[in-house]
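Please read the structure below before turning to the comments.
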Protein chains: 2
Amino acid sequence: MKVLVVEDDQFHGAYLQDALVEALPEMTEIIQSSDGEAGEDEARRGAIEAIVMDLQMNRRNGIEAARAIWSERPQTRILFWSNYADEAYLRGIAQIVPEDSAYGYILKTASRERLKLALRAVLIEGQIMVDREIQRLQKSQTSPRTRIEDSEFAVLIDLALGLQDKLIAERRSMSLRTVQNRLLSLYEKLGVVSELDEDLALNKRVRALNRALFTRTINIEILDAAQRDLDKWLASRR
Amino acid sequence: MKVLVVEDDQFHGAYLQDALVEALPEMTEIIQSSDGEAGEDEARRGAIEAIVMDLQMNRRNGIEAARAIWSERPQTRILFWSNYADEAYLRGIAQIVPEDSAYGYILKTASRERLKLALRAVLIEGQIMVDREIQRLQKSQTSPRTRIEDSEFAVLIDLALGLQDKLIAERRSMSLRTVQNRLLSLYEKLGVVSELDEDLALNKRVRALNRALFTRTINIEILDAAQRDLDKWLASRR
DNA sequence: AGAGGTGTTGCGGGTTCCCGCAACCAGTTT
DNA sequence: AAACTGGTTGCGGGAACCCGCAACACCTCT
């Protein structure tokens, strides 16, 4: 059994290799890639079935790589391991995960024992395993007061890219007024209206992006990928 | 001689300890802190003279910690080591570095040899040492076409926090029109006017923040600190 | 069938933003 | 002294944004 590790931090990569050797005696080979693109190539070439994937990488992030890999081989088992429990990652993964595939999401701060457990559960047993921290994050989104719906999230992404209302409306196929309604509820849910100083006037658009970044509702990797999607859409529009 | 290490990633911390032991035989003790606040306390308690400081930390970032430490003991020698060569960090450090103090800035991707060299040069010899990557960054800012002046940077920060023009003008003591002029040149320098699609209308404010984040002119840690400054200013205003 | 909740859309208007134009004030060059 | 350069400020107007109000569609519950 071959395992592919996609990880751009050498220290974390070494630690992971170590844990892999301990946890998976049935493993015959470890292949290492240092960014998403190289990881994709390796997965294609080696017909890999088990992957450990970092999410935050320079050239191409883990979610995009996973999407490409899964679209070719949906039965591939992928354990994501990441520094942060970012809501943006969760949404990204939820959107691309194929039916009946095995995946997991574990934080880098998890203990070695928990990491080894996750490695066995996902890569060998084909289970789905999500870190407690991340589960907690999902729970906190059950309240309709604070939960950001997918349709709102899409508008948030476009806002963050700097699109104007009219263009968002066109891209997401809604009326101008509907876009503005979504923005309204986003401002509400992100706490744009300045908790303390009620009377303090802010630029709501920028503030929304600011809050979304701090609450880790979105992050730079996700925006980077979204920008590429936008470019594609723009090119196809004309 | 005691050395304080302020670093929240356990792997990086362990690697650093290792390198310290090799590079500095005159060292008698290593003290480890995992965030800026704890680091400050340790520096105060132990009367530390040599510090290695990560910049990106959760509770309190390295620049703020360094400012506090230097304000009490300006002769303290600090080697910053960071994942990224962010312009925002450079500006932050440049503003707080005391006269005649020794400091350095090295990237985590630097080789072990270079790290050890920097450790000796800064902590023992009291030299100033800046990573080549970072030097290169500074060089690229010499052209007045692209270099962002400090006054522009201040406006950029306020923009990123979500302040409106009027409030920025008040805070930075300029007229409304001057603020808008600064914004104008920021839009220019950050490349807000959509390189390819000239006719594509964007929300310039949001786009400016977006670009500034991607070019690493600012980053989230800096914004976090700036938010606290803003809160203080707001409190003092009334 | 009727009531109530939720989401979408148009209209209208107050506010903020973006920026061209022009005046003004150093400081520097010719 | 005159001209030039770069930064600051006021005025004014068009565009974008924010949002209250009201109409309508669709769904669910009684």
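Naming: A, B, ... by sequence-line order, numbering from 1 per chain. When reading the values below, keep in mind they use all heavy atoms of this one structure, side chains included, and skip hydrogens, waters and symmetry mates.
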request  = Taking only the side-chain nitrogens and oxygens of Ser175(B), find out if one of them lies under 4.0 Å from OP1 or OP2 of dT8(D).
outcome  = no
ask   = If you measure from the Lys or Arg side-chain nitrogens to the Asp or Glu carboxylate oxygens, is any gap between Glu152(B) and Arg147(B) under 4.0 Å?
value = no
ask   = Does dA15(D) have OP1 or OP2 sitting under 4.0 Å from an N or O in the side chain of Lys166(A)?
value = no
message = Need one value for Gln164(B): base, sugar-phosphate or nothing, where a base atom within 4.0 Å counts as base even if backbone is also close, heavy atoms only.
response = sugar-phosphate
key: End-to-end axis angle, where each axis spans five pairs of the helix from dA1(C)-dT30(D) to dT30(C)-dA1(D), to 10°   = 20°
query = Ion pair present between Arg228(A) and Glu64(A), side-chain N to carboxylate O less than 4.0 angstrom?
reply = yes
inquiry  = With a 4.0 Å cut-off on N to O distance, would you call Arg44(A) and Glu40(A) a salt bridge?
reply    = yes
key: Rounded distance (Å) that lies between atom C1' of dC18(D) and atom CZ of Arg177(A)   = 8 Å
ask   = Using a cut-off of 4.0 Å on non-hydrogen atoms, how would the nucleic acid contact of Leu176(A) be classed: base, sugar-phosphate, or nothing?
value = nothing
query = Which part of the nucleic acid, if any, lies within contact of Asn181(A), taking any heavy atom under 4.0 Å across all strands shown: a base, the sugar-phosphate backbone alone, or nothing?
reply = base
request  = Please list, in 5' to 3' order, the outermost nucleotides of DNA chain C lying under 4.0 Å from any heavy atom of chain B.
outcome  = dT16(C) to dC21(C)
query = Which whole-number value in Å describes the distance from Leu202(B) CG to dA15(D) C1'?
reply = 14 Å
